[in-house]
Protein chains: 4
Amino acid sequence: MKTIGVAMVGYQFMGRTHSNAWRQVGKFFDLPFEPVLKVLCGRREEEVKKAAHSLGWQAYSTSWHEVVSRKDIDVVDICTPGDAHMPVALAAAEAKKVVFCEKPLANTLAEAEKMLAAVKRAGVLHMLCHNYRRVPAIALAKQLIDEGRIGTIRHYRGVYLQDWIVDPDFPRVWRLDKSRAGSGALGDLVSHAVDVARYLVGEIAEVTGMTRTFITERPLPGSTKRAPVDVDDAALSLVRFENGAVGSIEGSRLAPGRKNYLRFEINGTRGSLAWDLERMNDLELYVEEGPNSGFRQVVVTDAKHPYISAWWPPGHIIGYEHSFTHTVRDLLGSIETQKLASPNFEDGVKNQRVLDAIERSAASGRWEKSSAGPA
Amino acid sequence: MKTIGVAMVGYQFMGRTHSNAWRQVGKFFDLPFEPVLKVLCGRREEEVKKAAHSLGWQAYSTSWHEVVSRKDIDVVDICTPGDAHMPVALAAAEAKKVVFCEKPLANTLAEAEKMLAAVKRAGVLHMLCHNYRRVPAIALAKQLIDEGRIGTIRHYRGVYLQDWIVDPDFPRVWRLDKSRAGSGALGDLVSHAVDVARYLVGEIAEVTGMTRTFITERPLPGSTKRAPVDVDDAALSLVRFENGAVGSIEGSRLAPGRKNYLRFEINGTRGSLAWDLERMNDLELYVEEGPNSGFRQVVVTDAKHPYISAWWPPGHIIGYEHSFTHTVRDLLGSIETQKLASPNFEDGVKNQRVLDAIERSAASGRWEKSSAGPA
Amino acid sequence: MKTIGVAMVGYQFMGRTHSNAWRQVGKFFDLPFEPVLKVLCGRREEEVKKAAHSLGWQAYSTSWHEVVSRKDIDVVDICTPGDAHMPVALAAAEAKKVVFCEKPLANTLAEAEKMLAAVKRAGVLHMLCHNYRRVPAIALAKQLIDEGRIGTIRHYRGVYLQDWIVDPDFPRVWRLDKSRAGSGALGDLVSHAVDVARYLVGEIAEVTGMTRTFITERPLPGSTKRAPVDVDDAALSLVRFENGAVGSIEGSRLAPGRKNYLRFEINGTRGSLAWDLERMNDLELYVEEGPNSGFRQVVVTDAKHPYISAWWPPGHIIGYEHSFTHTVRDLLGSIETQKLASPNFEDGVKNQRVLDAIERSAASGRWEKSSAGPA
Amino acid sequence: MKTIGVAMVGYQFMGRTHSNAWRQVGKFFDLPFEPVLKVLCGRREEEVKKAAHSLGWQAYSTSWHEVVSRKDIDVVDICTPGDAHMPVALAAAEAKKVVFCEKPLANTLAEAEKMLAAVKRAGVLHMLCHNYRRVPAIALAKQLIDEGRIGTIRHYRGVYLQDWIVDPDFPRVWRLDKSRAGSGALGDLVSHAVDVARYLVGEIAEVTGMTRTFITERPLPGSTKRAPVDVDDAALSLVRFENGAVGSIEGSRLAPGRKNYLRFEINGTRGSLAWDLERMNDLELYVEEGPNSGFRQVVVTDAKHPYISAWWPPGHIIGYEHSFTHTVRDLLGSIETQKLASPNFEDGVKNQRVLDAIERSAASGRWEKSSAGPA
């Protein structure tokens, strides 16, 4: 089998999920190429060396600049905090590599647009890792919607709730630092709910929203000194879709008991769908069929369900990280066919436009359009 | 035992729930007075006569004008569509009767304010029937919040979803006629979610919202002729509470599979609460207690839970209509002590101010304040 | 409307539920007769007098002997502890009254058989109050089974779990006294699960079982003196149905957190049904329809569902006591048509045969047949 | 790091789960040894060759006889159908290898006892792969029980329900052939519920049970010819534990809608636990704490929960196969410390004794003891 060389930049949480996906994909799916985990990049030598070993990379480097232009590298996978997405992506595109980037595409809309322009100019394939599209239950929801099972969609309600920073003494890590993360719950959580909305419902035309920081100071990591928090703890919005549907989208990191609760409910003219990430193998489906209708829990583990035939028999559930494996499989398919997969940098720009509109609305107090022409 | 004479105006759905409450309350609660169901009022003689018999009223009348000033009547209970609330309440107040009114208080804020002024001027007791406050699980939620179990509240998410008009051929009944009902999902459903929010979280300072009519024409009842629908099918809003909490409130009559799904989730600094009306005897409670915390389902049927000692042993659930019985019990308690119970016409005005602000925001596209000084 | 005179014996928990049913039935259902709550019987004058008033009976008596033969009494409703069922039923039958008896029919099989013989000899109508058959969700389950929606039944799993006597200092009330109650969880709880099994699946041919008393001594009520507990805390069995289905049936009063958890799951060749009493308005239905099948939660509150049209709109749930009201409605229907309703004393005998077989099996350690010819 | 050479026999479903575990364990856990996937054994050369490649094994062999005595092999992992467990295990023990065997240990109690004798005689380490013990929720349940959180256990209810052979035309695969599989639901499913019971509650003293084959003939694989089915579709039992607890254990492959529904409920003197495999990351915990107690859903994904710190942040769930990875980690720990881990072949024998007792009871109609002295 032909091989394909992969370099990855970043090795924290997302570096771990992506590495697992690269290692596992060939063990469960028939692939057009065998991915080779060539080199892992990071700034701190000791740490990246250790990570490269434990995550299964052949080598490590402290210079992504050098790596992204190496001849044996076909794909550059960007797993850094948001502030480094743009420089790596621009260099990789220029070096004619396939660019695979963790969400959100960038810390600002302007950066995202530059990144999209760069991959287009370079004519390279690109993909954005909004992994939840490839949770089988969400992929099944998409199929059911496309088949018309729930009719024309009228309502979308999306929340992404977590509680990991409820403690006011939780330190001001990079995700709480605007210069690194771009925003708080907005870019981290709301962006996921926006991607699901765009995938399942359609483009968002305009929004009205607000952001909120409840805990405005936190200790710096490893210190008792407190520093201001300059990102949002929560972001809320109402949305109007281009197709006439309406909805609400919210993210919060201050919802006790909600560990990783990305949830949506969609109501169409003929039925409804609901789902949440903490029970990600179940899809709740309502189809109007008279008095004995009811929300049914489809355990999305049947061989006919998306991606499942690669795994286990019915009822043997899969985990969070499998959604990354599915994404990498489809990236490899995109490379084989040379056809752009979704979501890609266009989706990243469109997503960012929604986030940007929420931020503008939070400032203006008005509805703000999320788009201004094609991405 | 002293008796108390009750007259009721209206005998449809709400007339049935209130009648049941008046009949049942003395069979389960120790009361300061025995309510006597004196007379039921309605416009159509045949129907009101029949209803009086089947609902347990001693007599009927086609003139509420006459009835509300009768000497043997102590309480006037208003169960008509919204357009008749004001005239009956004004007359009852002038006649020095206790006025008990089904929600929403009125079809417009102006009417609601007149009604409040009237009961204040007359110095009579008044109460608004937002029955869900007296679902034991909601009353328990209030207790837990007041005891600080979930800390300071930051988030409220309230929806009230139904699906009874999903069929576009469902007729344009009075609830879909602005001149009778005042509004659609807004007054009918959102008002409940607003009352729960005000009860459990606090006063709403400002809102941004939208309303939406998806099905703009429907057949007139018993006819094939179609008439425009001039009320909203759905109303959505974001809200800021005076105490700093933020939230969203939505009502829709077009959510397939949601039959009567009033649901809220509240997140505080130390815990969370969630509840829905279709499983109204369960309260979901999360209290942060370390890794083995989790949302627990409290089956709110313990003798120590609000209102429950009157009913059955643990696990023997009660139904929708019991919330009205509890409301009437507390109305009778209010009459005994001559202290105003909640919710009352002040709550009705404040609630209407929120609805009014949502309507204004739907028109202006801006945040609108829900209040302008004390009710 | 013709009236029908009712006398009731007993006024504790079951007296309260039956009284409510008699009062409410005519307010919600069209009836062939108006039941008149003539007289409530009990041994302790002060208490029965008070109960008669609060439960809505016209008079009280301390002698059921006198009452059951009164001319103005048409129905005798027996709500006493089990040890008094037989004498009252025998006298009522002899006096040619309709006999309505709370479950279990008797404390022993021998008593139950005498009671059945008595009503047959007297040629009077009789009915047993196994109220759960008339929970709408269970009545709907019956309809779905009869329509073949889940095919031929292979498995029944029934449990009835409570936790009200987990505390070893809970007193030895009459339900824990064999001379009054006949048995413990067996007659109180297992009998319900057996009735549901017989109603939904079919006759039970044989059983193997065990009983268990975990807490063997308890304080006498109002005393510190402890007395032995001579009834079972839990009873477990495996069952073979005449039609070839197999199953398990268990009752326990020592299951912390299960307040009133009568639950069953039924598996047929084409689908499954599950239900529990703590969420009694929901029926879980699985119909095999390919990969997107799933257990659906039918909120059994549609006007087309059994008994529901009398009550509220969809999603407005009913409570525990409504199942008694439905039972009384059907008893009145039986009186109108003079056709025996189910369950009746034959069912009571058959049920008792199953309980008796479990007790025999608990002693013998073998499978025991539950029947010996027709009841 | 020292390496450890692994040979695996069998490459079907269990071969895939074990291979994944061997590949993944070192990527997520700090290990004392690096496992090297040396050789995969199977009878059909073409298939085993292909499987060795896709599952990540360095080589393949069609002769396990040769392989199990190779010097570079430290661990023999047995993943074949049950009829091959004994010969491989005996040879591996004799060759002084660590023997790791998929459950059930053997097709009969006699075989299981021989296997235990062999590993004891050889003085080698052994482990049985009852993977569900290492689902974090079950490991947490064990911790909570050991800490006394639910008090002394009184009740265990275990079922393992699937529906994959509901279709009567589903072929008679090896799992439906007594000569290969030993039994049907009994060895395949009930054995899991027995292992969970033994792990969480204690040793089972005696049982009464039955087995049942509903579909007695099925087509041979790839043929229209039908052959008799000589294994059970379902097996049911009541059990008495040595410590006084009582319970029921059942397995069925004919429960429509239950895909992989291993469920238990345990009631103790102070609380209860419940869990099911289809939502394997949730543990339902009830602790008696007064009226506001309730079953809580612990999302078992906290870093402090068993095995979880190796994986993802809270709320990011893991899948079915992770339980095998945890098992392999603990096997490696056992090799490091040279202390026998659980479950091992002793557990396998004890488990088989329970299954054997159920089979004997199914024949005798009596309670049968599950043990006769130490394993």
Side-chain angles (χ1 to χ4, degrees), chain A residues 1 12-14 16-17 19-20 22-24 26-31 34 37 51 53-57 131 135 160-164 255 257-262 276-282 296-303 310-325, chain D residues 1 12-14 16-17 19-20 22-24 26-31 34 37 51 53-57 131 135 160-164 255 257-262 276-282 296-303 310-325:
Chain A
M1 201 189 337
Q12 298 299 324
F13 178 18
M14 283 305 113
R16 293 177 65 234
T17 60
S19 296
N20 182 72
W22 287 113
R23 289 193 320 263
Q24 289 283 75
K27 297 291 177 279
F28 291 91
F29 292 93
D30 282 332
L31 297 181
E34 184 187 336
L37 286 69
H53 177 75
S54 76
L55 299 178
W57 294 84
N131 57 301
V135 169
Y160 199 158
L161 308 180
Q162 298 183 339
D163 69 0
W164 56 286
R258 301 304 181 189
K259 302 305 173 188
N260 197 29
Y261 189 74
L262 172 61
D276 84 75
L277 180 56
E278 293 182 1
R279 278 150 206 102
M280 62 171 245
N281 295 276
D282 293 333
R296 70 178 74 172
Q297 282 211 291
V298 182
V299 184
V300 187
T301 54
D302 189 273
W311 302 102
W312 318 111
H316 296 71
I317 68 172
I318 61 170
Y320 161 73
E321 75 267 31
H322 297 62
S323 57
F324 292 90
T325 306
Chain D
M1 204 189 336
Q12 298 298 326
F13 178 19
M14 282 306 112
R16 294 177 65 232
T17 60
S19 295
N20 182 72
W22 287 112
R23 289 193 318 263
Q24 289 283 77
K27 298 290 176 280
F28 290 91
F29 292 92
D30 282 332
L31 297 180
E34 185 187 335
L37 287 68
H53 177 75
S54 76
L55 299 178
W57 294 84
N131 57 301
V135 169
Y160 199 159
L161 307 180
Q162 297 184 339
D163 69 0
W164 56 285
R258 301 303 181 191
K259 303 305 172 187
N260 197 30
Y261 188 75
L262 173 60
D276 85 74
L277 180 56
E278 293 182 0
R279 278 151 207 99
M280 61 171 246
N281 295 275
D282 294 333
R296 69 178 75 173
Q297 283 211 291
V298 181
V299 184
V300 186
T301 53
D302 190 272
W311 301 103
W312 318 112
H316 297 71
I317 68 172
I318 62 170
Y320 161 73
E321 75 267 32
H322 298 63
S323 56
F324 292 90
T325 307

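Remember, predicted model here, so these are calculated numbers, not experimental data. Chain naming here is simple, since letters A, B, ... match the order of the sequence lines and numbering starts at 1 in each. Heavy atoms only: backbone and side chains are in, while hydrogens, waters and symmetry mates are out.
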Practice task
If the plane angle is over 60° it's perpendicular, under 30° parallel, otherwise tilted; pick one for His316(A) and Tyr320(D).
Solution key: perpendicular
Exercise for the section: Using a 4.5 Å cut-off on heavy atoms from C-beta on, say whether the side chain of Phe13(A) contacts that of Pro313(D). Expected result: yes
Handout entry: Which portion of Asp282(A) sits near chain D, non-hydrogen atoms under 4.5 angstrom
Key = side chain
Handout entry: For Glu278(A), all residues meeting side-chain contact (heavy atoms from CB on, under 4.5 Å), sequence neighbours excluded
Key = Lys259(A), Asn260(A), Tyr261(A), Asp276(A), Val299(D)
Fill in the blank from the handout: Applying a strict 4.5 Å limit to non-hydrogen atoms, the region of Asn20(A) in contact with chain D is side chain
Handout entry: Heavy-atom proximity to chain A below 4.5 Å, by part of Arg16(D)
Key = both
Practice task
Select one option (side chain, backbone, both, neither) describing which atoms of Trp311(D) are under 4.5 Å from chain A's heavy atoms.
Solution key: both
Fill in the blank from the handout: For Asn281(A) and Ile317(D) the tightest heavy-atom approach is ND2-CD1, 3.8 Å
Practice task
Report the residues that fulfil side-chain contact (heavy atoms from CB on, under 4.5 Å) with Ser323(A), sequence neighbours left out, ordered by chain and then residue number.
Solution key: Asn131(A), Val135(A)
Handout entry: Reported NZ-to-CD distance for the pair Lys27(A) and Gln24(D), which is rounded to 0.5 angstrom
Key = 10.0 Å
Problem - Engaged part of Ser19(A) at the chain D interface, taking heavy atoms whose separation is under 4.5 Å - result: neither
